[in-house]
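Taking it in order: structure first as structure tokens, then the write-up.
This chain uses plain numbering: 1 for the first residue, then up along the sequence. None of the values given here were measured: they were computed from a predicted structure.
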Amino acid sequence: MASGKLFRAIIMGAPGSGKGTVSARIVKGFNLKHISSGDLLRSNIAKGTELGRIADKYIKEGKLVPDIYITKCILSELEQIRSHSWLLDGFPRTREQADDLWEQERIDSVINLDVPFEVIIDRIQSRWVHLPSGRVYNVGFNDPKEPGRDDVTGEPLSQRPDDNPVAVRKRLEVYDACTKPINEYFERKGVLATFKGSTTDEIWPHVKKYLETKLQ
């Protein structure tokens with residue numbers, strides 16, 4: 001479904017919430033460009049840009065890339081697609097990033113996926129990842145076409161060593177604490193839309209109906 005109206009959206013959701021699947025459906029169904037902060041960083045690292053070298057240093061040290069660098073990267077990318085509708089994924093991650101983004105861009109909607117922690121923990125235990133690209137598969141939920149192999153490259157998939165229940169719950173608690181101020185910020189701006197459910201198939205029809213209403 002295409003629309004002549006420019007639409008700028010952000011998608012929020014904890015790791016394992018199905019955000020990647022919902023994003024793909026939004027991009028395909030509503031002709032939005034998908035802007036992923038993770039993909040942008042990986043691309044810059046692969047190309048050896050100044051940002052890539054800086055980001056690689058922080059990531060190898062197990063640290064978050066400072067706001068000033070990631071914000072500059074995202075805003076520069078959005079500037080290049082100003083005439084197109086887009087879906088922003090993985091940014092903002094802090095209240096400061098949200099503020100910088102709001103000052104620079106008109107945000108029409110923040111789509112927040114609210115999936116119970118217990119569901120996510122069960123899901124992540126069956127998660128397999130293609131590490132070079134970041135593509136994620138879940139056994140029984142989003143299976144690869146060939147077991148243990150990436151759909152695009154055919155390369156082996158692996159499981160992250162920290163995808164155990166205790167580590168996952170800790171990550172979810174950290175995510176919740178970090179994103180709560182961001183969601184509250186966008187709620188005050190009047191653009192937050194939260195969708196609750198346990199599966200993507202349960203959540204997606206509501207997201208689709210909401211976007212159809214917004215893009216009429």
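Minimum interatomic distance between Ile182 and Thr94 (heavy atoms only, all atoms of both residues): CD1-N, 3.5 Å. Minimum interatomic distance between Gly18 and Thr200 (heavy atoms only, all atoms of both residues): CA-OG1, 3.9 Å. Closest approach of Pro181 and Cys178 over heavy atoms only: CD-O, 3.3 Å. Nearest heavy atoms, Ile70 versus Ser37: CD1-CB, 4.2 Å. When every heavy atom of Pro165 is checked against every heavy atom of Gln125, the shortest pair comes out as CG-OE1, 3.5 Å. Residues Tyr69 and Val65 approach most closely at CB-CG1, 3.9 Å, considering heavy atoms.
Leu40 places none of its side-chain heavy atoms less than 4.5 Å from the side chain of Phe91. Looking only at side-chain heavy atoms (C-beta outward), Pro147 and Trp128 stay at 4.5 Å or farther from each other. Side-chain contact between Arg149 and Pro156: present, with at least one pair of heavy atoms (C-beta onward) separated by less than 4.5 Å. Residues Asp108 and Val191 fail the side-chain proximity criterion, which asks for heavy atoms closer than 4.5 Å. Side-chain contact between Leu101 and Leu88 is present, with at least one heavy-atom pair separated by less than 4.5 Å. The shortest distance between side-chain heavy atoms of Arg169 and Glu118 falls below 4.5 Å. At least one side-chain heavy atom of Ser17 sits less than 4.5 Å from a side-chain heavy atom of Ile120. Ile10 is listed as a side-chain neighbour of Pro92, based on a closest heavy-atom distance under 4.5 Å.
In Glu50, the CD atom is not crowded: 12 or fewer heavy atoms of neighbouring residues, nucleotides or ligands sit closer than 6.0 Å. Atom CG of Leu131 has more than 12 heavy atoms from other residues, nucleotides or ligands within 6.0 Å. Arg93 CZ: 12 or fewer foreign heavy atoms inside a 6.0 Å radius.
Under the 3.5 Å distance criterion, the side-chain polar atoms of Tyr175 are matched with a main-chain donor or acceptor of Gly13. Of the possible polar contacts, one joining the Ser126 side chain to the Arg123 backbone as a donor-acceptor pair under 3.5 Å is found. Listed for the Asp151 side chain is no donor-acceptor partner under 3.5 Å among the backbone atoms of Pro144. For Arg135 (side chain) and His130 (main-chain N/O), no donor-acceptor pair under 3.5 Å exists by modelled atom type.
A continuous path of ILVMFWY side-chain contacts below 4.5 Å connects Ile45 to Ile54, so both sit in one hydrophobic cluster. In terms of hydrophobic clustering, with Ile, Leu, Val, Met, Phe, Trp and Tyr side chains grouped at heavy-atom distances under 4.5 Å, Ile35 and Phe30 are assigned to different clusters. Linking Ile, Leu, Val, Met, Phe, Trp and Tyr whenever their side-chain heavy atoms come within less than 4.5 Å leaves Leu78 and Leu6 in two separate clusters. Criterion: ILVMFWY side-chain heavy atoms under 4.5 Å apart, direct or through other members. Under it, Val119 and Val207 are part of a common hydrophobic cluster. By the rule that hydrophobic residues join a cluster once side-chain heavy atoms approach within less than 4.5 Å of another member, Ile81 and Leu51 end up as members of one cluster.
A donor atom on one side chain and an acceptor atom on the other are found under 3.5 Å apart for Thr49 and Asn44.
For the atom pair Asp150 CG and Tyr137 OH, the distance stands at 3.5 Å (nearest 0.5 Å). Here CG of Asp176 is found 4.5 Å from CZ of Phe117. Values are rounded to the nearest 0.5 Å. The OG1 atom of Thr199 sits 13.5 Å away from atom CH2 of Trp204, with the distance rounded to the nearest 0.5 Å. A distance of 11.5 Å separates OG in Ser36 from CD1 in Ile11, rounded to the nearest 0.5 Å. Rounding to the nearest 0.5 angstrom, the gap separating the OG atom in Ser23 from the NZ atom in Lys28 is 14.5 Å. Rounded to the nearest 0.5 angstrom, Ile26 CD1 and Asn31 CG are separated by 13.0 Å.
Taking the ring pair (Phe, Tyr, Trp, His ring centres under 6.0 Å) definition, one finds that Phe195 meets it with Tyr210, sequence neighbours left out.
Of the listed residues (Lys208, Lys214, Lys209), just one forms a side chain to side chain donor-acceptor pair (under 3.5 Å) with Glu212, and that residue is Lys208. Met12 pairs with exactly one of Val110, Leu192, Thr194, Leu113 by the side-chain contact (heavy atoms from CB on, under 4.5 Å) rule, that one being Val110.
Residues Asp163 and Arg171 are paired through a salt bridge, judged by an N-O separation under 4.0 Å between the basic side chain and the carboxylate. The pair Glu79-Arg82 meets the salt-bridge criterion, with a side-chain N (NZ, NE, NH1 or NH2) lying under 4.0 Å from an Asp/Glu carboxylate O. Ion pairing between Arg53 and Asp56 fails under the 4.0 Å rule for side-chain N and carboxylate O. Using a 4.0 Å cut-off between charged nitrogen and carboxylate oxygen, Asp201 and Arg25 count as a salt-bridge pair.
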From CA spacing to verdict: side chain to side chain contact (heavy atoms under 4.5 Å, CB included), Phe7, Leu211: CA-CA 10 Å; Phe7 187 71; Leu211 289 174; 3.7 Å; yes
For Ile203 and Val115: C-alpha separation, side-chain torsions, deciding distance, then whether side chain to side chain contact (heavy atoms under 4.5 Å, CB included) applies. CA-CA 9 Å; Ile203 291 173; Val115 178; 3.8 Å; yes
Walk me through whether Ile121 and Leu172 qualify under side chain to side chain contact (heavy atoms under 4.5 Å, CB included). CA-CA 9 Å; Ile121 290 168; Leu172 291 174; 4.0 Å; yes
Verdict with supporting geometry, Glu77 and Trp86, side chain to side chain contact (heavy atoms under 4.5 Å, CB included): CA-CA 11 Å; Glu77 186 72 15; Trp86 44 256; over 6 Å; no
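The aromatic rings of Tyr185 and Trp102 sit perpendicular to each other, their planes meeting at more than 60°, with 30° as the lower class boundary.
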